[in-house]
Amino acid sequence: MQMKKWMKKGIAVAVAGTTVFSLAACSGGGEKKSEDEMKIGSDIIKDEVTLQVSASKGKMQDFITAVTDIYNEKNDANVSVEFVTVASGTATVQMITPKLVSGEEMPDIVSISDDKAAGVMEKFEDSFYSAEDYGFFDQYGSDFFEQKLNILRAQSANDKIIAFPNDFTAAFSYYQPEAFEAVGVNFEDIKSWDEYIEVAKKVKDATGLYGIALPEAGEFEFFVDLMSQQGMPLVDKDGNINLGTQEAKNAAEIVKKMKDAGIVNFYGSQDGEKAFQECAMFVAGGWYAKNMELNFPDAAGKWRMSALVPFSEADAGKSPVSGGSSWYVPKDGKNPEVALQFLTFISTDEDCLKAALEGGVAVSNTKAYETDAAQTEFEYYGNQKYYDVISSTGANTADVYYTPSYSDATAYVSTASYAYWESGDYDGSYMKEADNYAQKYGVKVNN
Amino acid sequence: MKKVKRKPGLKTYAKSAYGFAAPFFVFFVVTILIPVIVSFVFSFMQIGSTFKFVGLQNYIDIFKDPLFLQSYINIFIIMIGYIPITMLLSLFFAVLLNSPHIHGKGFFRTIYYIPTVTSTVAVASVFMTFFNPTGLFNGVLEMLGLPEVQWLTDPVWLRVSMIITEIWINIGYNAVLFLAGLQSIPRMVYESAEIDGAGKIKQFFTITIPLMKPVILMATVLATINGLGSFNIPNIFFGTSNGPENAAIVVGVNLYKTSFELVDFGKASAIAWTMVFVAAVLSFVQFKFGGNDDEAE
């Protein structure tokens, strides 16, 4: 059966037309309110509005639910929230970027992890309203941890902050005091990683508990923490990688010493949290505190939190940043004005800040740590005031630059670490991967 | 005069045929053809809030990445490892299933096909526990008095672990495919061979294999194309890390990283189109060397 010529032409035109239409639709959405028309201080919109919020399930959604009631009560507003549940990190980017490309309707508010946002901002900064242009930081900027603002500033091409800062924690040492007391040591008195390694060997002999847990196929988090303690970020602001520096070599050496001392609990990628429980001390972000409480209720009372072991006796070093997310208002959301007003309120109102701390969200507004909620004693951690540790470490965090290639840089570091553990050859491992990274991104390896 | 009812002519049949084919055609155009064309266009562009034509820059950039070629090497090693073994085992099971002496064929067919319909993510997650240092496989090795294997950390063994998982997932589908092929071979061909004195083994190599060639070729080509895009198993096993000695990074994961970590859809589209090119070349080579053999027929 031969297709008639007119049918063939018709189909070709239809395909071509739909393709062109698809491409045209991708390249931009409809009319959006300009940034000049959206300014802080405008009258609160009191219409009945449903804000669509993209956030992970658990404490983040619980926080939004709690503060929505406070917002409505204090502002006589009528906002309800509908959640778009998506895991944090790459899953969120995976959800929003196709919508950004095609100009589809977006949620009104999107939570994006700080370490993943740079890639989105690099390509789609113009698709979001800027909190800075809105006027948020003119009024409230000084209330936030400076390092958090630096992280957000570095995401933008012209140092403009797009996001509303949300949570922000440093890397903590989670330790079991009894394990160290068994060898006559107070964990908080340990003065350096070298001293820690010696103590951890004794703890392992006495209790069977390991000194630290690391992924068996290579790791980057602890290595980057050790670099950060020395004031050296993994990548600089321009994306150049700092693996040629003395700080990087020092970090690699400490991890290798731990491995050679037999104090490392190596785990497969599935059972990291279980591996932590087999340690006398492990390193994780401050955000993990609530997770451990939920996942290991039987371990209540065994653990305490502290800033990381000092880097060396001469210099304790800075606290490495570990985790954090911020709120973004897409221009293609249905209710951007309400979203901007809502986020301004929940990021600064005292009752909202208290609700955040009570729900385990370690917000980056320093005013939160002046409230009575910050004095809460956490029974799970032996009645420790968790937020004291958060606020003291938050004020002393190291520089970090989450460039679009940052996630990829950590993959190169993981590969390098495994090779280094096996060979001890820094050039053949870390420098080799640094060169691969530099070649891919057209950047330098800093020495 | 009596009215004679005319039979529908060719014109009417043609209209009906187009009518029945139209829904699939629309579905194909909207969900496959247009995205493919758009992806091709994207591969020459920088995609963001605005689109910018960059010519071949995306292709040049991806070739600058040393791990881009490594990702192809890794996936080729895995494919060379699992495809031949999968085809052999699938053919073996298909011959068994086709045997008149086996009872409960329906049951075995179902069992063999279960891996195909099971979520690859679920399979990979389970196999990952098997490959743990204290998992099932090392447990079996220990029972046999053999040393444990670093399944997910040794650069050689981590590829073997992916090969084993791929074999498990793909055997069932190909066995059912081969079974259909075996059942299409006329019985009388075997009967004639038997009369001529050919034993079972000779029949297998002189009748079964040559007549199964088109099916084996199709299965191999499909396995090659699917294997090239392998993503779930390496992603579950290793996430987006490159693995020890960069042995774990494969093209599919590289494409995902470029899309959703670097947020560079232009370069990701360029990677996708290199996969199309490689798949086309491999398919051509396979058809060229494994194509029709007149002697076999």
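Not measured: the values here are computed from a predicted model. What's counted below: heavy atoms across the whole structure, side chains too, no hydrogens, waters or symmetry copies. So you know, we letter chains A, B, ... as the sequences are listed, proteins then strands, and number each from 1.
The choice from Ala419(A), Ala217(A), Ser429(A) that makes the most heavy-atom pairs within less than 4.5 Å of chain B is Ala217(A). Contact count versus chain B (heavy atoms, under 4.5 Å) is highest, among Asp126(A), Thr97(A), Thr403(A), for Thr97(A). Contact count against chain A (heavy-atom pairs under 4.5 Å) is highest for Pro66(B) among Pro35(B), Pro66(B), Gly135(B). Top candidate by heavy-atom pairs under 4.5 Å with chain A, chosen from Ser241(B), Ser259(B), Gly243(B), is Gly243(B). With chain B as partner, the option from Tyr406(A), Tyr441(A), Phe220(A) having the largest number of non-hydrogen pairs under 4.5 angstrom is Tyr441(A).
We find the OG-CG distance between Ser405(A) and Leu262(B) to be 7.0 Å, quoted to the nearest 0.5 Å. Rounding to the nearest 0.5 Å gives a distance of 12.5 Å between CG of Leu100(A) and CD1 of Ile47(B). The line from CZ of Phe68(B) to NZ of Lys440(A) is 10.5 Å long, rounded to the nearest 0.5 Å. Remark: Glu261(B) CD to Asp115(A) CG distance equals 9.5 Å, nearest 0.5 Å. Within the model, atoms CD of Gln150(B) and CZ of Phe266(A) stand 10.5 Å from one another, a figure rounded to the nearest 0.5 Å. In this structure, OH in Tyr437(A) is found 12.5 Å from CG in Leu67(B), a value given to the nearest 0.5 Å.
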Q) Would Val263(B) and Glu122(A) satisfy side chain to side chain contact (heavy atoms under 4.5 Å, CB included), going step by step from the backbone distance to the final call? A) CA-CA 8 Å; Val263(B) 194; Glu122(A) 192 189 37; over 6 Å; no
Q. How far apart are the C-alpha atoms of Thr415(A) and Glu245(B), what are their side-chain angles, what is the distance that settles it, and do they pass the side chain to side chain contact (heavy atoms under 4.5 Å, CB included) test?
A. CA-CA 6 Å; Thr415(A) 300; Glu245(B) 291 183 22; 5.6 Å; no
**Q.** Glu433(A)/Asn246(B) under side chain to side chain donor-acceptor pair (under 3.5 Å): CA gap, chis, key distance, verdict
**A.** CA-CA 9 Å; Glu433(A) 293 306 320; Asn246(B) 295 312; 3.1 Å; yes
Q.
With side chain to side chain contact (heavy atoms under 4.5 Å, CB included) as the criterion, how do Phe51(B) and Val101(A) come out once you've worked through the C-alpha distance, each side chain's angles and the decisive distance to 0.1 Å?
A. CA-CA 9 Å; Phe51(B) 291 10; Val101(A) 172; 4.0 Å; yes
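By the ring pair (Phe, Tyr, Trp, His ring centres under 6.0 Å) test, Phe137(B) is found to be paired with Phe130(B), Phe131(B), Trp151(B), residues two or more places apart in sequence or in another chain being considered. Residues meeting the ring pair (Phe, Tyr, Trp, His ring centres under 6.0 Å) test with Tyr59(B), sequence neighbours left out: Phe44(B).
Annotation: side chain of Tyr256(B) is in contact with side chain of Thr90(A) (closest heavy-atom distance under 4.5 Å). The shortest distance between side-chain heavy atoms of Ser49(B) and Lys123(A) does not fall below 4.5 Å.
Remark: Lys259(A) NZ is packed, more than 12 non-hydrogen atoms of other residues, nucleotides or ligands lying under 6.0 Å away. For CD of Gln439(A), the number of neighbouring non-hydrogen atoms (other residues, nucleotides, ligands) closer than 6.0 Å is greater than 12.
Interface remark: Phe63(B) contributes no atoms to any contact with chain A (heavy atom separation under 4.5 Å).
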